[in-house]
K.L.:
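Structure incoming, see below.
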Amino acid sequence: MARETWATRTGFILAAAGSAVGLGNIWRFPWMTADNGGSAFLAVYLLVVLGVGVPGLLGEFVIGRRARRNPMGALRDLSGSRYWGAIGAVSAVTGVALLSFYSVVGGWILRYLLVSIVGPVTGGAPYLASPGPYFDSISFGVEAALFHLGFLAVTGGIVFGGVRRGIELGTKVMVPAVLVLLVGMASWVVTQPGAAAGYQFFLEFDLATLQANAASVIAPAAGQALFTLSVGAGTMVTYASYLGEDRSLPFDGAVIALLNTGVGVLAGLVVFPLLFSQGVDPGTGGPGALFVSIAGAFAALPGGDLLAIVFFGVVALAALSSSISMLEIPVAVLVDEGGWSRGTAVGVLLALTALTGTVTALNPALFDFVAGTLADLLLTGGLLAFLLFAGWVLGPDSIEEYVAGAGALGARFATPWLFAIGVVIPIFLVFTLLTTAGLDARIGVWPTVAAAAVLVGAVLFGLTRNASWRGVWR
Ligand code: PFF
């Protein structure tokens with residue numbers, strides 16, 4: 001059977017933007033920001049989105065479109081080495097790992113949505129009276145696992161529909177709906193007394209805090225930047241592999257990044273003024289940050305119960321358009337490499353993630369680890385591999401693929417881009433990995449940068465010069 005492709009170019013853009021726009025923008029972002037010193041985090045995060053996320057996105061696009069295969073098959077076929085294939089196969093594991101906590105949060109959202117809808121009948125949504133204790137009571141345990149299964153089932157249903165009739169159709173509805181509803185909410189929030197303090201908190205640029213914290217916020221900010229753009233997991237390799245013809249990758253990448261950042265900022269323009277207008281402290285840390293604070297705001301607002309339905313509805317749509325892209329990675333691997341039918345692949349993977357997600361839903365410490373450190377490590381390591389591959393194994397072929405359909409303006413960035421993904425960004429990514437391991441605390445920031453440069457230099461030397469090493473990789 002011929003491999004499926006997107007029906008339209010907008011379909012691809014919306015699917016990729018739908019993957020990017022998600023809980024990362026609305027839920028993980030306020031959590032990470034609160035944990036890592038506010039505006040300092042925001043500034044570093046935006047820099048990494050621009051300097052690492054967008055070129056990284058293009059690296060994944062180039063690999064996916066050139067190979068027209070899943071991440072495992074793509075790295076193997078393009079290099080002719082099964083070792084690279086094994087590295088690509090990690091993407092399938094990443095997809096499962098991400099889904100194992102993402103659908104737990106998706107379950108929380110479904111639950112908040114449900115109790116908001118039935119709230120008016122049952123005498124008010126239960127989170128309104130006591131936001132903090134309510135979140136604590138529902139976030140982990142058997143019921144959390146059940147809602148996780150519900151979210152997973154919807155995700156599986158869409159992916160089962162296939163590339164065109166599932167993912168493309170679904171995101172064509174979900175992404176515009178998210179945009180329209182968020183714009184509507186943001187314009188309504190402007191009219192709320194006290195909103196100004198929220199804008200100030202969110203948009204204020206605090207240089208002193210940034211200087212004091214820069215080193216310690218780089219790694220989590222980088223992880224969050226990759227997470228929000230869905231980069232490093234192989235989702236973008238997979239989605240680009242369904243492109244039918246050569247259209248401009250840099251243009252599409254720029255649109256996707258702009259949409260993602262736009263939604264992130266919009267969400268901030270809804271959430272923070274809402275909190276401040278109700279005198280709620282946005283600084284409650286932990287994964288409950290959004291749920292506890294936003295519920296507090298809804299409780300205090302006239303018409304808050306209606307607003308809550310719209311808000312959790314938006315978040316649910318945004319979450320679904322991302323979770324389907326996580327599931328699609330291992331599905332594509334099983335379909336392309338194992339020759340499985342889509343139905344069997346989806347079924348088996350749903351059974352697997354039902355299990356792993358249930359374990360996560362029962363264990364808060366595990367959840368924190370998977371959603372925080374493990375996600376950061378997998379995405380950073382994954383992106384490092386993709387970029388070294390595009391930069392040094394594909395090399396000039398990457399440029400050719402980048403330029404195809406890119407037009408004169410897009411093509412102008414090709415050479416600087418190759419240098420960035422081949423040298424500069426890998427050093428940065430290794431640096432963040434070393435920082436996550438705590439090396440900078442022991443030897444200092446600049447020695448850690450130097451160590452990262454030496455490590456990358458050694459790998460590049462091996463990839464390009466050493467004949468016996470090349471024998472291993474080829
Ligand atoms: N970008 C998504 C979000 O911000 O919620 C999360 C995500 C989706 C990460 C898909 C990685 C991925 F492959």
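These numbers were taken from a predicted model, which means no experiment stands behind them. Just so you know, ligand 1 is whichever comes first in the structure, and atom 1 is the first atom listed for that ligand.
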K.L.:
Suppose I only count heavy atoms of Asn25 and a 4.0 Å limit; which atoms of ligand 1 are within that range?
P.N.:
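Here the atoms of ligand 1 in question are 4 (O).
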K.L.:
Tell me which protein heavy atom sits closest to atom 5 (O) of ligand 1, plus the residue, atom name and distance to 0.1 Å.
P.N.:
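Protein heavy atom at minimum distance: Tyr102 OH, 2.5 Å.
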K.L.:
side-chain hydrogen bond (donor to acceptor under 3.5 Å, both in side chains), that's the test. Do Ser230 and Tyr239 meet it? Break it down for me.
P.N.:
CA-CA 11 Å; Ser230 306; Tyr239 275 11; over 6 Å; no
K.L.:
Consider every N or O of Leu229 and every N or O of ligand 1, then say whether any pair is closer than 3.5 Å.
P.N.:
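No; every N/O pair is 3.5 Å or more apart.
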K.L.:
Check each atom of ligand 1 against the heavy atoms of Ala233 and keep those under 4.0 Å away; list them by number with element.
P.N.:
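Selected atoms, number and element: 13 (F).
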K.L.:
For a side chain to side chain donor-acceptor pair (under 3.5 Å) with Ser19, tell me which candidate from Ser322, Ser325, Ser321 qualifies.
P.N.:
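Per the side chain to side chain donor-acceptor pair (under 3.5 Å) rule, the option paired with Ser19 is Ser325, out of Ser322, Ser325, Ser321.
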K.L.:
Write out the residue and atom name of the closest protein heavy atom to atom 2 (C) of ligand 1, then the distance separating them to 0.1 Å.
P.N.:
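Nearest neighbour among protein heavy atoms for atom 2 (C) of ligand 1, to 0.1 Å: Ser19 O, 3.2 Å.
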K.L.:
So for ligand 1, is Thr235 a polar contact partner (N or O within less than 3.5 Å, distance only)?
P.N.:
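Not met; the criterion fails.
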K.L.:
So is there a nitrogen or oxygen of Thr228 less than 3.5 Å from a nitrogen or oxygen in ligand 1?
P.N.:
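Yes, there is a polar N/O contact under 3.5 Å.
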K.L.:
I would like to know whether Leu307 and Trp188 meet side-chain contact (heavy atoms from CB on, under 4.5 Å); could you show each step before the answer?
P.N.:
CA-CA 10 Å; Leu307 194 69; Trp188 177 82; 3.5 Å; yes
K.L.:
What are the atoms of ligand 1, with element, lying closer than 4.0 Å to any heavy atom of Gly24?
P.N.:
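With Gly24 as reference, the close atoms of ligand 1 come out as 3 (C), 4 (O), 5 (O).
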K.L.:
Pairs of nitrogen or oxygen atoms closer than 3.5 Å, one from Leu23 and one from ligand 1: do any exist?
P.N.:
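Leu23 vs ligand 1: N/O contact under 3.5 Å present.
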K.L.:
Considering distance alone, does some N or O of Phe227 sit under 3.5 Å from an N or O of ligand 1?
P.N.:
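In this structure, Phe227 places an N or O atom under 3.5 Å from an N or O of ligand 1.
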K.L.:
Do other residues, nucleotides or ligands put more than 12 heavy atoms under 6.0 Å from the CZ atom of Phe413?
P.N.:
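No, the 6.0 Å shell around CZ holds no more than 12 heavy atoms from other groups.
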K.L.:
Which heavy atom of the protein is the closest neighbour of atom 8 (C) of ligand 1, given with residue, atom name and distance?
P.N.:
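Closest protein heavy atom to atom 8 (C) of ligand 1: Ser230 OG, 3.3 Å.
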K.L.:
As an exercise, identify every atom of ligand 1 less than 4.0 angstrom from a heavy atom of Ala20.
P.N.:
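Listed by number with element: 1 (N), 2 (C), 3 (C), 4 (O).
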K.L.:
In ligand 1, which numbered atoms sit nearer than 4.0 Å to a non-hydrogen atom of Ser325?
P.N.:
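It comes down to these atoms of ligand 1: 8 (C), 10 (C).
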K.L.:
Is it the side chain (CB and beyond), the backbone, both or neither of Leu98 that lies under 4.0 Å from ligand 1, heavy atoms counted?
P.N.:
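It is the side chain that touches ligand 1; the backbone stays farther off.
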K.L.:
Against ligand 1, does Trp27 come closer than 4.0 Å with any heavy atom?
P.N.:
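Flag not set, Trp27 not near ligand 1.
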K.L.:
Would you say the side chain of Asp336 lies within less than 4.5 Å of the side chain of Arg3, judging by non-hydrogen atoms?
P.N.:
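Yes, their side chains come closer than 4.5 Å.
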K.L.:
Mind running side-chain contact (heavy atoms from CB on, under 4.5 Å) on Val393 and Leu78 for me, showing each step along the way?
P.N.:
CA-CA 8 Å; Val393 179; Leu78 292 174; over 6 Å; no
K.L.:
Ring-plane angle category for Phe227 and Tyr102, please: parallel below 30°, perpendicular beyond 60°, tilted otherwise.
P.N.:
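Phe227 vs Tyr102 ring planes: tilted.
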K.L.:
Just to verify, which of Phe298, Phe135, Phe147 counts as forming a side chain to side chain contact (heavy atoms under 4.5 Å, CB included) with Tyr112?
P.N.:
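Of the listed options, the one satisfying the test is Phe135.
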